[in-house]
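These notes concern the structure reproduced below.
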Amino acid sequence: MSIIEVKKLTKNFKDFRAVKGITFSVEEGEIFGFLGPNGAGKSTTINILSTLITASGGSAKINGFDVAMETDEVRKSIGLVFQDPSLDDRLTAWENLIFHARLYGLSKKEYLPRVKAVLELVDLTAKKDSLVKSFSGGMKRRLEIARGLTHYPRVLFLDEPTLGLDPQTRFNIWNYILKLRQENKMTIFMTTHYMQEAEYCDRIAIIDKGKIIVIDSPANLKKQFGKETIEDVFLKLTGRKIREEEASTKEQFRNQLMAHRRR
Amino acid sequence: MQFIRAIVTIWEREVIRYGRDRARLISTFFQPIMFLVIFGSGLRNPLSAGGLGVDYLKFMYPGIIAMNVMGIAFFSSISTVWDREFGFLKEILVAPVPRSTIVIGKALGATTIASVQALVLLILAPFIKVSIDPLTVFHLFLFMLLLSFAISAMSLVIASIMKTMESFGVLMQLFIFPMFFLSGAFFPLNTAPHWMQLISRINPLTYGVDSMRQILLARQTDPAALAEITLQPIYLNVFSLAIFATIMIFISILAFRKKD
């Protein structure tokens with residue numbers, strides 16, 4: 001049985017179809033990537049799989065549970081790191097993690113060692129009693145990853161995990177992700193529009209305008225289409241560039257704006 | 001039990017956040033004082049001849065406390081809209097807890113904040129020459145809990161409909177101010193025009209003001225004079241507020257269950 005099974009999933013919003021009947025499955029322990037430009041339907045798919053919104057058609061199962069019917073079981077099975085920050089910045093790092101652990105039904109005996117361990121994993125032990133407000137973007141992202149891991153999810157969803165971060169922090173976060181997979185045999189489902197990041201995935205699905213164009217390992221894709229990079233594969237398949245630089249600066253600007261408004 | 005634990009967890013976060021917000025702690029104390037000083041001193045003399053039966057400051061004081069309870073409770077649960085804008089609501093919504101625990105936890109958080117903060121206003125009592133004893137304070141506090149729970153529940157319904165903070169100004173003008181002014185805090189509703197009395201009956205704050213006035217002034221006002229400015233017995237006010245709160249909690253649970 002696959003850990004994620006998605007069949008003919010669709011999602012219509014008022015005036016447009018964000019996801020147009022996608023089918024795919026993810027095996028346990030895989031790093032599976034959704035690659036596509038902004039607005040391709042990546043976040044919408046994650047929102048459906050994580051029970052935040054309901055699909056208009058088709059079905060999706062995670063860990064054997066239906067995302068529309070068995071929401072609590074699905075919620076227990078997954079951890080999420082959202083594209084936009086979702087920490088409470090008036091709480092400390094520690095408080096954010098405890099809040100999470102308790103909502104996920106962990107007892108104090110269970111969560112204390114885990115919270116300490118995840119903080120250690122993302123190198124934030126020294127900062128555990130600081131308010132999240134004072135954290136840099138990279139630290140916040142690391143804390144979010146730590147939080148998503150606290151309840152030992154079977155599947156970790158990472159929606160653009162390194163968006164708007166500098167290359168050094170991006171590299172570090174990828175180190176954490178790879179370490180995690182090795183230690184916990186966790187399945188990782190991620191979206192990205194950074195081509196280099198797609199290379200870390202075992203398999204990627206290239207998604208554009210709500211449809212999956214192709215699913216395969218990065219190496220196979222390059223071989224199959226006779227291209228050097230995933231970027232070129234994408235260009236060949238969709239006839240356009242993913243325009244990573246432009247998109248990322250735009251996102252960065254937006255994140256800064258959000259951070260500014262928060263103050 | 002996980003149900004209770006989830007409620008406590010959500011409640012605790014609300015309380016911690018409030019405790020860290022010094023500016024809000026202080027500013028919520030200013031508005032009621034401003035009302036008391038300006039309206040109280042300004043209208044006291046003109047109204048003294050008008051046959052109100054009690055000193056205007058004394059008349060207004062319980063109403064101001066009720067308004068303060070409402071204001072704080074309202075703003076505390078409207079913070080849910082901020083949670084939505086800044087993403088934290090997602091963290092709560094993907095957690096494996098019943099939506100009812102989210103609603104109840106948030107409402108209880110706002111209830112705690114509003115009731116405790118409003119208690120502080122009782123230190124003004126000696127200046128207004130209202131004498132209070134521990135039993136009065138206790139009764140008052142129980143009522144503050146009920147009123148703020150009802151208001152929090154109402155504001156959660158609004159927060160679930162309102163997606164951004166931008167419509168907030170409109171909300172203040174169209175909703176909060178009329179509720180303040182039509183609550184009987186500033187003038188007795190018994191002698192108000194009929195249409196105004198009707199509207200005030202659907203205003204939960206009316207029941208809060210009416211009860212707090214009876215609780216606070218019972219010991220120092222002539223019963224006949226107090227009856228003149230009283231709407232209905234306290235138990236009826238409790239009943240009305242409890243029904244209002246139940247309906248509002250129910251609606252907000254439904255609203256939180258709804259997904260796009």
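Order of the sequence lines fixes the chain letters, A, B, ..., with proteins taken first and strands second; residue numbering starts at 1 for each chain.
- In this structure, A:Tyr104 and A:His151 have parallel ring planes: the angle between them is below the 30° cut-off, well short of the 60° mark.
- With contacts defined as side-chain heavy-atom distances shorter than 4.5 Å, the pair A:Ile188/A:Leu158 qualifies.
- Only the side chain of B:Asp21 has a heavy atom closer than 4.5 Å to any heavy atom of chain A.
- The part of B:Ile16 that comes within reach of chain A is its side chain, from C-beta onward, which places non-hydrogen atoms under 4.5 angstrom from that chain.
- Comparing A:Lys11, A:Arg75, A:Arg147 by how many heavy-atom pairs each has under 4.5 Å with chain B, the most go to A:Arg75.
- Interface residue B:Gln2: only side-chain heavy atoms are found under 4.5 Å from chain A.
- Among A:Leu103, A:Asn96, A:Ile53, the residue making the largest number of heavy-atom pairs under 4.5 Å with chain B is A:Leu103.
- Using a 4.5 Å cut-off between heavy atoms, A:Leu80 touches chain B through its side chain atoms alone.
- Both the backbone and the side chain of B:Ile10 come within less than 4.5 Å of a heavy atom in chain A.
- At a threshold of 4.5 Å between non-hydrogen side-chain atoms, the residues B:Met144 and B:Ile65 count as touching.
- A salt bridge is defined here as a Lys NZ or Arg NE, NH1 or NH2 lying under 4.0 Å from an Asp or Glu carboxylate O, and B:Glu14 with B:Arg17 fails to meet this definition.
- The choice from B:Pro98, B:Pro96, B:Ala95 that makes the most heavy-atom pairs within less than 4.5 Å of chain A is B:Pro96.
- Contacts between A:Ile78 and chain B at a heavy-atom distance below 4.5 Å are absent for every atom of the residue.
- Between the A:Arg142 side chain and the A:Val122 main chain, a donor and an acceptor come within less than 3.5 Å of each other.
- Only the side chain of A:Thr71 has a heavy atom closer than 4.5 Å to any heavy atom of chain B.
- There is no contact between A:Glu144 and chain B, counting heavy-atom distances below 4.5 Å.
- Using a cut-off of 4.0 Å between Lys/Arg side-chain N and Asp/Glu carboxylate O, B:Lys90 and A:Asp159 are scored as not salt-bridged.
- In this structure, no portion of A:Ile48 lies under 4.5 Å from any heavy atom of chain B.
- Note on ring orientation: taking the six-membered ring where Trp is involved, the planes of B:Phe181 and B:Phe186 are tilted (angle from 30° to 60°).
- Looking at A:Ser107, the atoms closer than 4.5 Å to chain B (heavy atoms on both sides) all sit in the backbone: N, CA, C or O.
- Salt bridge annotation for A:Glu70-A:Lys61: absent, with no cationic side-chain nitrogen under 4.0 angstrom from a carboxylate oxygen.
- Of the two parts of A:Phe82, only the side chain, counted from C-beta on, holds a non-hydrogen atom closer than 4.5 Å to a non-hydrogen atom of chain B.
- Contact check on A:Glu30 versus A:Arg181 returns no salt bridge, with no Lys/Arg side-chain nitrogen under 4.0 Å from an Asp/Glu carboxylate oxygen.
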